[in-house]
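Reviewing the structure listed below.
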Amino acid sequence: EKEPVTVLVTGAAGQIGYALVPMIARGAMLGPDQPVIIHMLDIEPAAEALKGVKMELIDAAFPLLKGVVATTDVIEACKGVDIAVMVGGFPRKEGMERKEVMSKNVSIYKAQASALEKHAAPDCKVLVVANPANTNALILKEFAPSFPEKNITCLTRLDHNRALGQISERLNINAGDVKNVIIWGNHSSTQYPDVNHATVDTGNGLKPVRELVGDDCWLNAKFITTVQQRGADIIKARKLSSALSAASAACDHVHDWVLGTPKGTWVSMGVYSDGSYGVPPGIIYSFPVTCEKGEWSIVQG
Ligand code: NAX
């Protein structure tokens, strides 16, 4: 049997955390043969709720789950962690300026970055989910200078999957047959969902999405705004923000990063820019990437 991999989930008592930890414990993140130890971090006001989540993980009797730590202590949470999924953060509340949210998150991410730097495994891979995701990832990178830049990423896979979902609904096909959409930029409404290189596996070869949809008006307008605004639409419908789809996308992100992308397929990840496509180096930006042996590379050309 393989050695267990230790996965940290911060904000684990929240909505996304509640959907995410059972997925990890079932092997959706690291594979059906990979044992895991889950560390869950939350803050004091959520400590009781976090205990409840731990009880439920035990009650689910997951064969792959080799250990659970539920804590409000950042250092204990970060100890020996191989993969860190940063879901916790200070949410933007009604009437709050973006700047205020940022400054609250700066102090949270500063503390968590140093704890990870000192106590996590040296090659720990980090996925930031909490908003503003790109900015929080950058803050984390700034305050964990000894971490390889390549190990700090943010989640835009949810937007990527939303784009696949919209195309598959439109064409009445399976989402698994659509590939190579791209999310460029920020995880926010300024992102650009790009279908210009996307294809569909028709069972009879690959066909461009543009050709199959045959409606550039829809692709250039409604499709883009639907993907950009999907988060807001979910809130309208559920009165809560996306959770199961966010958790599932976090699993996809780490899964493909660690285990590799299939040949001929790329995915979208928020990563440290090396200047590709004229994007200023040093910011965290969503690009098309392929992954091999635990390393992502930006698709060129
Ligand atoms: P919840 O408010 O349900 O959960 C957040 C949890 O984080 C709470 O349990 C809270 O106590 C905890 N927390 C707060 N400060 C913390 C700290 N300093 N250390 C550890 N834990 C802390 O939010 P939820 O719906 O789960 O969303 C979590 C984050 O994901 C939000 O920032 C949200 O904006 C972001 N999202 C990002 C997405 C993406 O694609 N990148 C999509 C979904 C989601 O909106």
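Just so you know, ligand 1 is whichever comes first in the structure, and atom 1 is the first atom listed for that ligand.
Within the 4.0 Å heavy-atom cutoff, A243 does not count among the residues contacting ligand 1. Distances shorter than 4.0 angstrom occur between a heavy atom of Q112 and an atom of ligand 1.
If you check the side chains of S286 and R157, you find no donor sitting under 3.5 Å from an acceptor. Side-chain contact annotation: Q300 with S276, donor-acceptor N/O pair under 3.5 Å present. When only modelled atom types and interatomic distance are considered, N186 and Q191 share no side-chain donor-acceptor pair under 3.5 Å.
Close contacts of ligand 1 with L158, meaning ligand atoms under 4.0 Å from a residue heavy atom, involve 40 (O), 42 (C). Ligand-side atoms of ligand 1 in range of V87: 28 (C), 29 (C), range being under 4.0 angstrom from any heavy atom. Every atom of ligand 1 is numbered from 1 in the order shown, and the set under 4.0 Å from a heavy atom of A130 is 29 (C), 30 (O), 32 (O), 35 (C). Here is the list of ligand 1 atoms found below 4.0 Å of a heavy atom in A246: 43 (C). Against a heavy-atom cut-off of under 4.0 Å, S241 is close to the following atoms of ligand 1: 25 (O).
Taking only non-hydrogen atoms, the option from A19, A249, G89 nearest to atom 15 (N) of ligand 1 is G89. In the candidate list D42, V128, N131, D42 is nearest to atom 11 (O) of ligand 1, counting heavy atoms.
In this structure, atom 2 (O) of ligand 1 has no protein heavy-atom contact shorter than 4.0 Å. Checking atom 23 (O) of ligand 1 against the protein gives no heavy-atom contact under 4.0 Å.
Under 4.0 Å from ligand 1, the heavy atoms of I108 that appear belong solely to its side chain. Of the heavy atoms in H187, only side-chain atoms (C-beta onward) come closer than 4.0 Å to ligand 1.
Here CE of M102 is found 7.0 Å from CD1 of I139. Values are rounded to the nearest 0.5 Å.
Classification of the W257-H253 ring pair by plane angle, with boundaries at 30° and 60°, yields perpendicular.
Using a cutoff of 4.0 Å between basic side-chain nitrogens and carboxylate oxygens, K207 and D201 are not scored as salt-bridged. R162 has a carboxylate O that lies under 4.0 Å from a charged side-chain N of D159, or vice versa, which qualifies the two as a salt bridge.
Ring centroid separation for the pair Y277 and W184 comes in under the 6.0 Å cut-off.
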